[in-house]
2 protein chains.
Amino acid sequence: MKCGSYEEFFKNFANKTKFKIIMRLKNKPMSVNELSKAMREEQSKISHNLAKLARCSILNVKQKGKQRIYSLNKDTVMPMLKLVEKHVEKHCDMRCKK
Amino acid sequence: MKCGSYEEFFKNFANKTKFKIIMRLKNKPMSVNELSKAMREEQSKISHNLAKLARCSILNVKQKGKQRIYSLNKDTVMPMLKLVEKHVEKHCDMRCKK
DNA sequence: TAATCATATGAAATGTGGTTCATACGAAGA
DNA sequence: TCTTCGTATGAACCACATTTCATATGATTA
């Protein structure tokens, strides 16, 4: 990845938009437009965010005609989310939403 | 934890100061002043940051006389860091500093 | 209980990243 | 090659998190 630091890597999980993208891509790879429509967000917003996610190899891209299909790097992301889930289960108090 | 969301949780790793604190506490628990001096940062800065880390149960606190000793929640944090290390090893290019 | 040490806290100032908007680029088909 | 569709990009703007500074609180000891 061209990601310059651990901090940069983690920023991708520390942001609502990026986190939602990650969640969407857990199910299936998607193009920019698909994501944009599914999330009801501007195309450029999604695009900017995808760029940063891909830069840290959290997502992979492949071209398919005019579209770019983004997919999740599950090897890293899935166990990461599991860890946090466990953490929340253990330490979460009433105020915690998720 | 009183941490309201995954995003809030991850913000602690996505910030230089907080990340440095985490790294320091990998070795041994420390008081606010110890950290402050070791990191050459203002006491209040450290204190503010510690508060957020503790709020998400990334750190634990215990009182010891006048001091408050902060320690790392290794159960969650260590495997988390391992995951990212692996990720970096696999995907990191030349520009990557760590 | 006064003084001191260690830490926390609030608000203002500062810094930084995210979104928006306009536009450019690239691929594919007519 | 012109047009259209899909996506990327740059800069200005905005929102929010972080730091700073002054001060308050809590624990301990003389």
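Here is how names work: the chains are called A, B, and so on, in the same order as the sequence lines, proteins then strands, and each is numbered from 1.
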Q.
Nearest heavy atom decides the nucleotide; on that basis, is A/E42 or B/K37 closer to the 5' end of DNA chain C?
A. B/K37
Provide, to the nearest angstrom, the distance between the [atom1] atom belonging to [X] and the [atom2] atom belonging to [N].
| X | N | atom1 | atom2 | result |
| --- | --- | --- | --- | --- |
| A/E34 | D/dT7 | CD | C1' | 13 Å |
| B/E8 | D/dC16 | CD | C1' | 13 Å |
| A/Q63 | C/dG26 | CD | C1' | 8 Å |
| B/K18 | D/dT18 | NZ | C1' | 7 Å |
| A/E7 | C/dT16 | CD | P | 13 Å |
| A/K62 | D/dG6 | NZ | C1' | 17 Å |
| A/L50 | C/dT19 | CG | P | 12 Å |
| A/I69 | D/dT7 | CD1 | P | 7 Å |

Whether [X] side chain and [Y] backbone form a donor-acceptor pair below 3.5 Å:
| X | Y | value |
| --- | --- | --- |
| A/E7 | A/F9 | no |
| A/R24 | A/A38 | yes |
| A/N73 | A/L59 | no |

Can a side chain N or O of [X] be found less than 4.0 Å away from OP1 or OP2 on [N]?
| X | N | answer |
| --- | --- | --- |
| A/K11 | C/dG17 | yes |
| B/Y70 | C/dA6 | no |
| B/N33 | C/dT7 | yes |
| A/N49 | C/dG17 | no |
| A/S47 | D/dT9 | no |
| A/R68 | D/dG6 | no |

Q: Give the intermediate values and the outcome of salt bridge (Lys or Arg N to Asp or Glu O under 4.0 Å) for residues A/E8 and A/K52.
A: CA-CA 9 Å; A/E8 185 177 343; A/K52 295 197 174 175; over 6 Å; no
Counting only side-chain heavy atoms from C-beta out, which of [options] sits nearest to [X]?
| X | options | result |
| --- | --- | --- |
| B/S31 | C/dT4, C/dT7, D/dT18 | C/dT7 |
| B/S44 | D/dT9, C/dG18, D/dT20 | D/dT20 |
| A/K45 | D/dT7, C/dT19, C/dA8 | C/dT19 |

**Q.** base_contact_polar (C/dA8 base, B/Q43 side chain, donor-acceptor, <3.5 Å)
**A.**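 Looking at the base of C/dA8, it does pair with a donor or acceptor on the side chain of B/Q43 (distance under 3.5 Å).
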**Q.** Donor-acceptor pair (no angle test) under 3.5 Å: A/H48 side chain, D/dT7 base
**A.**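 Checked by distance alone, the answer is no.
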Q: Using side-chain hydrogen bond (donor to acceptor under 3.5 Å, both in side chains) as the criterion, point out the one residue from B/E42, B/Q43, B/E41 that pairs with B/K45.
A: B/E41
Students often get this wrong, so: under 4.0 angstrom with heavy atoms, is [X] touching a base, only sugar-phosphate, or nothing?
| X | value |
| --- | --- |
| A/K52 | sugar-phosphate |
| A/K64 | nothing |
| B/T17 | sugar-phosphate |
| B/K16 | nothing |

Q | 5′-ward residue of the pair B/N15/B/K66 relative to DNA chain D | A |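 Its nearest nucleotide being more 5', the pick is B/N15.
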(Q) Any donor-acceptor pair under 3.5 Å linking the side-chain atoms of B/N12 with those of B/K18? (A) no
